[in-house]
Asker: 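Can you read through this structure? Questions will come right after.
Keep in mind that this is a model prediction, so the values were computed, not measured. Chain letters run A, B, ... following the sequence lines, proteins first and then strands; every chain starts at 1.
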Amino acid sequence: AAGVIQSPRHLIKEKRETATLKCYPIPRHDTVYWYQQGPGQDPQFLISFYEKMQSDKGSIPDRFSAQQFSDYHSELNMSSLELGDSALYFCASSLDEGAGELFFGEGSRLTVL
Amino acid sequence: GDSVTQMEGPVTLSEEAFLTINCTYTATGYPSLFWYVQYPGEGLQLLLKATKADDKGSNKGFEATYRKETTSFHLEKGSVQVSDSAVYFCALNAGGYNKLIFGAGTRLAVHP
């Protein structure tokens, strides 16, 4: 079965650079979520989109932005990167009526040097 | 606000030992409850879920019962294996846009 696809899997950037992460949800899933997991931490909700509109917002820094496109894939853009942005970024997708079951990708590991 | 509290790890067990990982929650509504597992270097995988009080979720020998009276969703397994070594996250979804709120995670290490 198709799963959530994230790219790139690994990314190394310098401070103050910009990074873009991509997420391709499971076909027919209409909701996409982004989570950030720091080393040894639990995943923290950043932002979600339902039918290409932002549906909820969590602890996402102003330096970050995200959108969901017409084909339902989503991109997380991170600018003015800081050392503290080094983390594993997960994308998840669900059906709006899926009783809260989220399907996670394998994550994109961002390292900021 | 809504929150999840898990027992701190790491939990270290010998193979075939009994496992319990405690999880309690605070929510204003009637949340769905989940256990996710994260193997080293991998993403989060749904282990089991329960959507209403007294439901029991089960998968791969793991079980958890939704206890509304004690606001708990403890994870149990009768006989753990080395391959169960991972980090286990308890989570809730209190409705709305299906946003999950995770506990801090409990690392389980099983030794032969």
Asker: Can you tell me which portion of B:Phe89 sits under 4.5 Å from chain A's heavy atoms? Options are side chain, backbone, both or neither.
Answerer: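 Just the side chain, heavy atoms under 4.5 Å.
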Asker: Relative to the ring of A:His73, is the ring of A:Phe69 parallel (under 30°), tilted (30 to 60°) or perpendicular (over 60°)?
Answerer: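 Because their plane-to-plane angle is under 30°, the rings of A:Phe69 and A:His73 count as parallel.
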Asker: Between B:Tyr25 and B:Tyr66, what is the ring plane arrangement, given parallel below 30°, perpendicular above 60°, and tilted in between?
Answerer: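 Perpendicular, since the angle between the ring planes exceeds 60°.
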Asker: Does any backbone or side-chain atom of A:Gln37 lie under 4.5 Å from a heavy atom of chain B? Answer side chain, backbone, both or neither.
Answerer: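 Interface part for A:Gln37: side chain.
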Asker: So, A:Arg9 and A:Glu106, do they make that salt bridge, N to O below 4.0 Å?
Answerer: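 Between A:Glu106 and A:Arg9 there is a salt bridge, with a charged N closer than 4.0 Å to a carboxylate O.
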Asker: Below 4.5 Å from any heavy atom of chain A, which atoms of B:Gln38 appear? Answer side chain, backbone, both or neither.
Answerer: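 When you check distances to chain A, only side chain atoms of B:Gln38 fall under 4.5 Å.
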Asker: What part of B:Leu46 gets closer than 4.5 Å to chain A, counting heavy atoms only: side chain, backbone, both or neither?
Answerer: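 The side chain, not the backbone.
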Asker: A:Phe104 vs A:Phe90 aromatic rings, parallel, tilted or perpendicular, using cut-offs 30° and 60°?
Answerer: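 A:Phe104 and A:Phe90: perpendicular rings.
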